[in-house]
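Everything below concerns the one structure shown next.
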Amino acid sequence: MPTTRDTDFLEFACAMAVAAGAAILPHFRRAIDIEDKGSPVGYDPVTVADRGAEAVIRAAIARAYPDHGIRGEEHGWQKGASNYTWVIDPIDGTKSFILGQLHWATLIALNDGARPVVGVVHQPYVGETFVGVAGGVAEWRRGDERRTLRTRACRALGDAVVACTHPNMFRTPADLAAFHRVADPARLTRYGGDCYAYTLLAMGLIDVVVESSLQAYDIQALIPVIEAAGGVVSSWTGGRCDEGGHVVACGDPALHPRIVERLAATAA
């Protein structure tokens with residue numbers, strides 16, 4: 001069961017995400033400067049909205065929890081005196097953001113030194129938030145609305161909807177072949193979701209997400225949401241994926257080992 005303190009942390013994270021959204025929205029669907037940070041998988045844009053939103057979050061943490069660490073995509077890793085570290089992606093899905101599309105969100109996780117225990121995914125333009133606490137429940141929130149998130153049953157890969165942000169995140173032929181061993185037999189494959197694919201899995205609308213080339217700040221906020229909704233998220237070999245890399249999420253825990261078998265065998 002989640003502790004009262006974890007619940008307090010969750011509400012604090014939600015408030016930070018809303019504040020970050022207020023910093024982001026004036027730049028959305030506007031002409032803004034875009035910088036290419038460069039990455040092994042190609043174009044990697046960043047904007048004033050990304051950097052400004054992370055600055056807002058970091059300032060709030062420094063005021064409320066000065067002994068906590070902060071690990072953000074745009075402003076680096078500041079180690080704290082306690083075991084707690086906030087893991088931040090101010091805009092996950094910046095490519096979607098700069099195109100005026102909606103598959104982007106602010107990701108905020110709290111890692112207690114062993115695992116992510118709190119996760120918040122907030123899309124300010126749509127006004128919806130996905131939250132999860134380790135050992136608790138996952139929720140979808142919009143205004144005063146609340147809905148408990150549950151993944152759906154899907155025991156056969158042939159019945160599954162599989163998602164991935166883009167095939168170019170698979171850096172080697174073996175990785176791409178591994179992805180196709182899962183995607184090709186599936187009922188439907190969709191690209192372009194970024195973090196939203198994982199939240200839709202927690203909602204029971206997608207069954208499997210297979211990705212690679214992720215960083216810690218891409219996945220840690222999503223782990224408590226998926227697990228609290230009844231799903232499983234791991235590395236391609238079935239281990240923990242807190243540091244990113246090769247990640248697979250399954251809504252139905254019974255399907256997860258079959259997916260891992262396909263991914264691990266091909267990647268090896």
Side-chain angles (χ1 to χ4, degrees), residues 6 9-10 12-28 32-98 104-124 134 165 169 171 194-195 198 211-225 233 235 240-247:
D6 285 347
F9 285 143
L10 176 67
F12 174 69
C14 286
M16 286 195 293
V18 170
I24 292 168
L25 286 181
H27 304 288
F28 184 50
I32 58 174
D33 291 334
I34 302 167
E35 177 185 335
D36 182 6
K37 294 189 291 185
S39 83
V41 292
Y43 184 52
D44 188 10
V46 63
T47 72
V48 64
D50 300 78
R51 290 172 173 151
E54 185 171 318
V56 167
I57 296 168
R58 295 175 83 100
I61 296 167
R63 288 192 298 268
Y65 302 106
D67 61 333
H68 286 195
I70 306 173
R71 185 180 185 183
E73 177 176 11
E74 307 305 339
H75 298 297
W77 193 344
Q78 174 186 330
K79 300 293 182 67
S82 80
N83 289 331
Y84 287 108
T85 299
W86 295 90
V87 184
I88 306 158
D89 192 343
I91 302 178
D92 183 88
T94 300
K95 292 174 185 175
S96 291
F97 177 83
I98 63 175
W104 57 272
T106 296
L107 306 184
I108 302 175
L110 180 63
N111 192 304
D112 68 358
R115 60 174 179 161
V117 293
V118 165
V120 169
V121 183
H122 177 62
Q123 216 294 358
T165 297
M169 63 171 36
R171 301 183 188 178
D194 289 289
C195 59
Y198 297 90
E211 297 197 314
S212 185
S213 307
L214 300 188
Q215 302 295 326
Y217 43 73
D218 295 318
I219 193 63
Q220 289 206 19
L222 296 161
I223 292 172
V225 177
V233 56
S235 71
R240 293 203 61 83
C241 61
D242 300 2
E243 291 302 308
H246 295 69
V247 172

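Counting from 1, the numbers follow the sequence of the chain as shown. Please read these numbers as outputs of a predicted model, since none were measured by experiment.
Phe9 contributes atom CZ, which lies 4.5 Å from atom NE2 of His68 (distance to the nearest 0.5 angstrom). Rounded to the nearest 0.5 angstrom, Asp6 CG and Leu110 CG are separated by 7.5 Å. Separating the CG atom in Asn111 from the CD1 atom in Ile223 is a distance of 8.5 Å, to the nearest 0.5 Å. Within the model, atoms CD1 of Ile108 and CZ of Phe12 stand 8.5 Å from one another, a figure rounded to the nearest 0.5 Å. A distance of 6.5 Å separates CZ of Arg171 from OG of Ser212, quoted to the nearest 0.5 Å. Rounded to the nearest 0.5 angstrom, His75 NE2 and Ile88 CD1 are separated by 9.5 Å.
Put simply, the side chain of Asp33 does not reach to within 4.5 Å of the side chain of Val48, judged on heavy atoms. Using a 4.5 Å heavy-atom threshold, the side chains of Ile24 and Thr106 count as touching. At least one side-chain heavy atom of Asp242 sits under 4.5 Å from a side-chain heavy atom of Pro116. For the pair Cys195/Leu222, a side-chain contact is recorded, criterion being any heavy-atom separation below 4.5 Å from C-beta on. For the pair Val18 and His122, the minimum side-chain heavy-atom distance is below 4.5 Å. The closest side-chain heavy-atom distance from Thr85 to Ile70 is not below 4.5 Å. Contact check for Trp86 versus Ile57: no side-chain heavy atoms found under the 4.5 Å cut-off. Using a 4.5 Å heavy-atom cutoff, the side chains of Val247 and Tyr198 are in contact.
Of all the heavy atoms in Trp104 and Gly93, the pair that sits closest is CB-O, 3.4 Å. Nearest heavy atoms, Ala134 versus Pro224: N-CB, 4.4 Å. Closest of all the heavy-atom pairs between Gly72 and Glu54 is CA-OE2, 3.4 Å. The minimum heavy-atom distance between Ala53 and Pro90, with the atom names listed, is CB-CB, 3.9 Å.
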Next on the checklist: Working note: Phe97 + Asp92, criterion side-chain contact (heavy atoms from CB on, under 4.5 Å); need CA distance, chi angles, decisive distance, verdict.
Outcome noted: CA-CA 9 Å; Phe97 177 83; Asp92 183 88; over 6 Å; no

Checklist entry - Do Gln78 and Arg58 pass the side-chain contact (heavy atoms from CB on, under 4.5 Å) test, and can you show the C-alpha distance, the side-chain angles, and the key distance before you say yes or no? => result CA-CA 10 Å; Gln78 174 186 330; Arg58 295 175 83 100; 3.8 Å; yes

Checklist entry - Please walk me through it: do Leu107 and Val120 pass side-chain contact (heavy atoms from CB on, under 4.5 Å)? => result CA-CA 6 Å; Leu107 306 184; Val120 169; over 6 Å; no

Item to check | side-chain hydrogen bond (donor to acceptor under 3.5 Å, both in side chains) evaluation trace for Thr94 with Asp50 | outcome: CA-CA 8 Å; Thr94 300; Asp50 300 78; 2.7 Å; yes

Checklist entry - Would Leu10 and Val118 count as a side-chain contact (heavy atoms from CB on, under 4.5 Å) if you check the C-alpha gap in whole Å, the side-chain angles of each, and the deciding distance to 0.1 Å? => result CA-CA 6 Å; Leu10 176 67; Val118 165; 3.7 Å; yes

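The environment of CG in Asp36 is crowded: more than 12 heavy-atom neighbours from other residues, nucleotides or ligands sit within 6.0 Å.
Checked by atom type and distance alone, the side chain of Gln215 never pairs as donor or acceptor with a backbone atom of Glu243 at under 3.5 Å. Side chain of Lys95 to main chain of Asp194: no donor-acceptor pair is present (N/O by atom type, distance under 3.5 Å, no hydrogens or angles).
For the residue pair Tyr217/Glu74, the side-chain donor-acceptor check at 3.5 Å is not satisfied. For the 3.5 Å distance criterion, the side chains of Glu35 and Thr47 fail to qualify, holding no donor opposite an acceptor. No side-chain donor-acceptor contact under 3.5 Å links Arg240 and Ser235.
Between Tyr84 and Tyr65, the distance separating the two ring centers is not shorter than 6.0 angstrom.
Between Arg51 and Glu73 there is no salt bridge, since no side-chain N of the basic residue sits under 4.0 Å from a carboxylate O of the acidic one.
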